[in-house]
Colleague: 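One structure, pasted below without further comment.
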Protein chains: 2
Amino acid sequence: MTLVLVPRQKQYRDEQVMLKLGQKIRDKRLQKGFSQAHLANLCNLELSQINRIELGKINTSVSHIFLIAKTLGVKPAELLEF
Amino acid sequence: MTLVLVPRQKQYRDEQVMLKLGQKIRDKRLQKGFSQAHLANLCNLELSQINRIELGKINTSVSHIFLIAKTLGVKPAELLEF
DNA sequence: TTGCTATTAGGCAAATCTGCCTAATAGAAT
DNA sequence: ATTCTATTAGGCAGATTTGCCTAATAGCAA
């Protein structure tokens, strides 16, 4: 009999999705001619957060997707089309 | 001169969005005739997690949205249409 | 060069989510 | 009532995100 310590499963992150979403947001932002800082101000989010999302470093939430979509004047669903 | 401790801003959560997303996922799941447990198995997610998402209690992530959409056989963007 | 703006990087604490588990509740059918 | 399945609830620790901040880097214009 041996006792084995089984590590917990990590949270699921799809880096492909994170990267693609970030690129999509960046595209829409640039179409509007906004800087990251400007978008952050309009959303009342931190610049660093916008940057992390665009770079695909974080697995952001539905609420943030809706907030950003609204600010960019696009449908939230559109940000997931890739 | 007084020193004031300013509480940090809470994370942004749009409960309307969370609830609507949950309802949408539930609708699609029921259309497939799946139980929450079955969907959870297919996604390799916890049943409790599926339940919390459907009830709109949590502000879930893009990766999870894509995972669930794939399992339900719908486009991720479709889950954000409401 | 200098100056200015934009982007990227990263640290830190607190908030939140997720995985994992058990249990309670609801509802239907027998 | 009992049994069975489905849903809901909730606790807990660890992982991740977020808010807040400062700084470094890139790029461009004058």
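Naming convention: chains lettered A, B, ... in sequence-line order (proteins, then strands); numbering from 1 in each chain. Please read all numbers here as calculations on a predicted model, not as lab measurements.
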Colleague: Just how far, in rounded Å, is C1' of C:dA6 from CZ of A:Arg29?
Modeller: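 In whole Å, C:dA6 C1' lies 9 Å from A:Arg29 CZ.
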Colleague: Please report how far the helix from C:dT1-D:dA30 to C:dT30-D:dA1 bends, comparing the axis fitted to its first five pairs with the axis fitted to its last five, to the nearest 10 degrees.
Modeller: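 Answer rounded to 10°: the end axes differ by 40°.
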Colleague: In whole angstrom, give the distance that lies between atom CD1 of A:Ile58 and atom C1' of C:dG10.
Modeller: 14 Å
Colleague: Around atom NZ of B:Lys24, are there more than 12 heavy atoms from other residues, nucleotides or ligands closer than 6.0 Å?
Modeller: yes
Colleague: With respect to the side chain of B:Thr60, which nucleotide from C:dC20, C:dT18, C:dA14 is positioned closest?
Modeller: C:dT18
Colleague: Judged by modelled atom types alone, do B:Gln49 and B:Arg52 share a side-chain donor-acceptor pair under 3.5 Å?
Modeller: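 Yes.
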Colleague: Rounded to the Å, how far apart are B:Ile25 CD1 and D:dT7 C1'?
Modeller: 16 Å
Colleague: Would you say the ring centroid of B:Phe66 lies under 6.0 angstrom from that of A:Phe82?
Modeller: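 Ring-ring flag for B:Phe66/A:Phe82: true, centres closer than 6.0 Å.
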Colleague: Starting at the 5' end of DNA chain D, which residue's closest nucleotide do you reach first, A:Leu45 or A:Gln9?
Modeller: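 Checking each residue's closest nucleotide, the 5'-ward one belongs to A:Gln9.
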Colleague: Quick check for you: among D:dG19, D:dA6, C:dT18, whose closest atom lies nearest to any side-chain atom of A:Arg8?
Modeller: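 Among the listed nucleotides, the one closest to the side chain of A:Arg8 is C:dT18.
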Colleague: Heavy atoms under 4.0 Å, any strand shown: does B:Arg52 hit a base, just sugar-phosphate, or nothing?
Modeller: base
Colleague: Nearest heavy atom decides the nucleotide; on that basis, is A:Arg26 or B:Gln49 closer to the 5' end of DNA chain C?
Modeller: A:Arg26
Colleague: Determine whether a donor-acceptor pair (one donor, one acceptor, N or O, separation below 3.5 Å) exists between the side chain of B:Ser48 and the base of C:dC20.
Modeller: yes
Colleague: Grouping I, L, V, M, F, W and Y whenever their side-chain heavy atoms are under 4.5 Å apart, do B:Leu19 and B:Leu55 come out in a common cluster?
Modeller: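 No, B:Leu19 and B:Leu55 fall in different hydrophobic clusters.
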Colleague: Using a cut-off of less than 4.0 Å, is there contact between a side-chain N or O of A:Arg13 and OP1 or OP2 of D:dT17?
Modeller: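 True: A:Arg13 side-chain N/O within range (under 4.0 Å) of D:dT17 OP1/OP2.
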Colleague: By nearest atom, which of the nucleotides D:dT8, D:dC20, C:dC17 is closest to the B:Leu55 side chain?
Modeller: D:dT8
Colleague: OH of B:Tyr12 versus P of D:dC20: gap in Å, rounded?
Modeller: 15 Å
Colleague: Name the residue closer to the 5' end of DNA chain D, choosing between A:Asn44 and A:Leu47 according to the nucleotide with the nearest heavy atom.
Modeller: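 Closest to the 5' end, via its nearest nucleotide, is A:Asn44.
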Colleague: Please report, rounded to the nearest Å, how far the C1' atom of D:dT5 is from the CG atom of B:Asn51.
Modeller: 14 Å
Colleague: Tell me whether A:Lys28 contacts the main-chain N or O of A:Leu79 through its side chain, where contact means a donor paired with an acceptor under 3.5 Å.
Modeller: no
Colleague: Could B:Arg29 and B:Glu54 be called an ion pair, given the rule that one side-chain N must be under 4.0 Å from one carboxylate O?
Modeller: yes
Colleague: Taking the side chain of B:Glu46 as its heavy atoms from C-beta onward, which of C:dG19, D:dT7, D:dC20 lies nearest to it?
Modeller: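 Taking heavy atoms from C-beta onward, the closest nucleotide is C:dG19.
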Colleague: Does the A:Asn59 side chain pair with the main chain of B:Ser61, one donor and one acceptor, at a distance under 3.5 Å?
Modeller: no
Colleague: Do any N or O atoms from the side chain of A:Ser63 and from the backbone of B:Asp14 form a donor-acceptor pair under 3.5 angstrom?
Modeller: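 Flag set: sc A:Ser63 to bb B:Asp14 pair under 3.5 Å.
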Colleague: Please report, rounded to the nearest Å, how far the P atom of C:dT7 is from the NE2 atom of A:His38.
Modeller: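 Taking NE2 of A:His38 and P of C:dT7, I get 12 Å after rounding.
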Colleague: Starting from C1' on D:dT7, measure out to CG on B:Leu39 and report it in whole angstrom.
Modeller: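 Result: 14 Å.
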Colleague: Under 4.0 Å from OP1 or OP2 of D:dA9: is there any side-chain N or O of B:Lys57 that close?
Modeller: yes
Colleague: Name the nucleic acid region contacted by A:Ser61, choosing base, sugar-phosphate or nothing; use a 4.0 angstrom heavy-atom cut-off, strictly under.
Modeller: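 Sugar-phosphate only.
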Colleague: Nearest to the side chain of A:Gln11, heavy atoms from C-beta on, is which of C:dC17, C:dG10, D:dT7?
Modeller: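 For A:Gln11, the side-chain atoms sit closest to C:dC17.
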Colleague: Rounded off to whole Å, could you give me the NZ-to-P distance for the A:Lys10 and C:dC17 pair?
Modeller: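 The answer, rounded to whole Å, is 20 Å.
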